[in-house]
**Student:** 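One structure, as C-alpha cells, below. Some questions next.
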Amino acid sequence: MKLPKQTVAQRFHIRFFGGLIILLVLLIASNNFLKLDFGALIQNFDQFLALFKEMMHPDWKSAPFVVQPMLETIQMALIGTTLGTLLAIPAAIIAARNVVTNKWITGFVRIIFNMIRTLPDLLLAALFVAIVGIGPYAGVLTLTIFSFGMITKLFYECIETIDNGPLEAILTTGGKRSAMVMFAILPQVSSRFISYILYTFEINVRASTVLGYLGAGGIGQQLQTSLSQFRYDQTAVIILAILIMVLAIDGLSNFARERLQ
Amino acid sequence: MTKPELKPVIDVQHVSKVYENGTNGLTDINLQIKPGEFVVIVGLSGAGKSTLMRSLNRLHQVTEGHVLIDGQSITEAKGRNLRRLRRDVAMIFQNFNLVKQSTVLRNVLAGRLGYYPTWQSSLGLFKEADKQRAYKALERVNLLDKVYQRVDQLSGGQQQRVAVARAFVQDPKIVLADEPTASLDPKTAHLVMNDLKSMNQELGKTVVANLHSVALAKEYGTRIIGLRAGRIVYDEQIQDVTDVDLADIYNDGSLVGEDQ
C-alpha cells in the first residue's frame with residue numbers, strides 16, 4: 001500500500017508546537033515586562049478581608065433606591081442594542097461578499113467597521129460623556145456604537161455562510177437585489193440574528209453597569225458614589241442587585257437562544 | 001412538432017465563454033430554439049451544459065456573442081430591462097434552491113417577485129389573483145395540502161415540485177431546467193418531468209432541460225442537443241434520434257469533456 005507523502009510540517013506537527021512555543025515566549029516576556037508581584041496580592045489579603053467584613057452587613061434600607069438606576073441600566077442596554085442592531089443590518093448586508101460582489105466596496109466598509117469595533121467601550125463612554133455630558137444619554141450612545149461594531153461582524157459572517165442557491169433563484173424570477181435580501185437572505189439568517197442580538201444584549205447589560213462608573217448613567221453611577229463615600233454596606237446591596245440582574249438576564253436570554261436552535 | 005415559420009424565442013449567436021482561469025466553457029455556440037419546443041441537452045459532466053443554460057438567463061456572463069430572448073439581447077441588458085427579460089425565463093435547479101426556512105406558499109409567491117416593488121412583496125402584500133395563482137400551481141403539482149408548511153419538512157421530490165410551482169406562477173415564456181432530476185429517485189423524477197411536460201404541452205412554454213438520463217431525454221424531449229467540450233456536436237429532432245447517436249455523444253471524442 002502506498003500512501004501519499006506527508007509534508008515535514010504535517011509529520012512533526014510544526015503548527016501546534018510552533019504555536020505553543022510562541023505562546024510560552026510571549027507569556028514569559030510579558031511577565032518580565034510587567035514584573036507582576038503575586039506576593040503583594042497575598043500580603044494585602046487582610047485589606048480585602050476588612051472590606052469584605054464591612055460588606056457583610058448590607059444596608060437593606062437602601063435597596064429601594066437601587067431599583068430606579070437598575071431599570072435605567074437595563075433601558076440603556078435595551079435601547080443601545082436596538083439602535084445598534086438597526087444600524088448593523090444594512091451595514092452587514094453591504095459587507096457580505098455574497099451579496100455585494102464588488103470586493104472594493106466590501107473591503108472598504110470592512111476596514112471602517114473594524115476600526116469602529118476596535119474602540120473599547122470605556123473609551124467610547126469617556127468620549128460621549130465629554131460630548132453630551134453625564135447621564136444615560138452618553139451610555140446609550142456608547143452601547144449603540146459598541147453593539148453596532150459587534151453585531152455587524154457577527155451578521156455579515158452569518159450571511160456569508162448561507163445557501164446561495166435561493167439567491168440565484170430570486171434573480172431568475174426577475175426580482176431585485178432588495179427582494180433577494182427580503183426573501184432569500186433574511187429568512188435564512190433570522191433565527192441566528194435574534195440569537196446574536198440577545199447575546200449582545202447580555203454583554204451590554206454587563207457593560208452598562210461599568211459604564212456608569214464613567215458617568216454614563218445607570219447603576220454604575222450609584223456604585224461609584226457609594227464607594228467614594230465608603231458606604232460599603234450600600235455597595236454590597238448594589239453588587240448583589242447587579243449580580244441578580246445579570247444572572248436573570250443571562251438565564252432568560254440563554255433560555256430564549258436555546259429555544260431558537 | 002416545430003413550426004419553421006415561428007421566430008426563435010431563444011437565439012444564441014456565436015457565444016463563447018472563457019472562465020477566469022483560462023478554461024474554455026463554451027466555444028462558438030449557435031442555437032435557435034422555437035416557441036413550444038422541449039429541448040433536452042445531453043453530454044458528459046463538464047461538457048458545458050450548465051454553463052450554456054446559465055448563459056441563457058445571464059447567471060453567467062458570456063465572453064463573446066449574444067443571447068436573444070424573444071428578439072431582445074439579454075447579454076447587453078441592464079437593470080430593469082435585465083429583470084424584465086429574466087422574468088420571462090424561469091429556472092429549475094438541481095438543488096431546488098428554495099428558502100427552506102420559509103413556507104411553501106412564500107416560496108411559490110417568490111415566483112411573482114419580478115412583478116412587484118420590493119416594499120410591497122416584503123410586507124406580503126401580494127394581490128389576491130397572485131395568491132390564487134400560487135394555490136392553483138400547487139394544486140397542479142399535487143401539493144396544495146402543504147401550502148402552509150415549512151419547506152424543510154418536505155421530501156426532496158416534493159421540494160422540487162414546489163420549485164416547479166414557483167416557475168409556474170412566474171408565468172415565463174421559457175423554462176430552463178438544470179439537471180432537475182439529478183437528486184431524485186426515478187419515480188419522483190418522472191413526476192417532475194411530467195410537470196415540465198404539462199407546462200410545455202398545456203401552457204405552451206418552451207422548455208430547455210439538461211439531463212443526464214438518456215431514457216428521460218428520449219421520453220420527454222422533442223429535440224436533442226449534444227454538447228461535448230463546450231461545442232454543439234449533435235442537434236436532431238426526436239424522431240431522427242437513434243440510440244447509436246446518443247451513445248456516441250457520451251462515448252466518442254475520448255475524454256475531452258471530462259477535464260475542467
**Student:** Under 4.5 Å heavy-atom distance to chain A, tell me which part of B:N95 shows up: side chain, backbone, both or neither.
**Tutor:**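 Answer is neither: B:N95 stays 4.5 Å or more from chain A.
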**Student:** Is any residue of residues 167-185 of chain A within less than 4.5 Å of chain B by heavy atoms, and which ones?
**Tutor:**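 Under the 4.5 Å heavy-atom cut-off, A:E168, A:A169, A:I170, A:L171, A:T172, A:T173, A:G174, A:G175, A:K176, A:S178, A:A179, A:M182, A:F183, A:A184 qualify.
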**Student:** Surrounding OH of B:Y116 (heavy atoms of other residues, nucleotides or ligands, distance under 6.0 Å), is the total greater than 12?
**Tutor:**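 Count over threshold, so yes.
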**Student:** Heavy-atom distance under 4.5 Å to chain A: side chain of B:R80, backbone, both or neither?
**Tutor:**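 Neither the backbone nor the side chain of B:R80 comes within 4.5 Å of chain A.
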**Student:** Tell me, side chain or backbone of B:R58 under 4.5 Å from chain A's heavy atoms, or both, or neither?
**Tutor:**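 It is neither, since no heavy atom gets under 4.5 Å.
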**Student:** Pick one of side chain, backbone, both or neither for B:L59, based on which atoms fall under 4.5 Å of a heavy atom in chain A.
**Tutor:**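 Answer is side chain: those atoms of B:L59 sit under 4.5 Å from chain A.
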**Student:** Which of the residues B:A90, B:G79, B:G111 is involved in the greatest number of heavy-atom pairs with chain A at under 4.5 angstrom?
**Tutor:**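 Ranked by contacts with chain A, first place is B:G111.
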**Student:** Going by residue number, which parts of residues 118-153 of chain A are within reach of chain B, meaning a heavy-atom gap below 4.5 Å?
**Tutor:**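 Within residues 118-153 of chain A, no residue comes under 4.5 Å from chain B.
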**Student:** Starting at CG of A:D163, measure out to CD of B:Q101 and round the result to the nearest 0.5 Å.
**Tutor:**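 So the CG of A:D163 and the CD of B:Q101 are separated by 8.5 Å.
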**Student:** Minimum heavy-atom separation for A:P166 and B:V99, please, with both atom names.
**Tutor:**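 Of all heavy-atom pairs spanning A:P166 and B:V99, the closest is CB-CG2, 3.7 Å.
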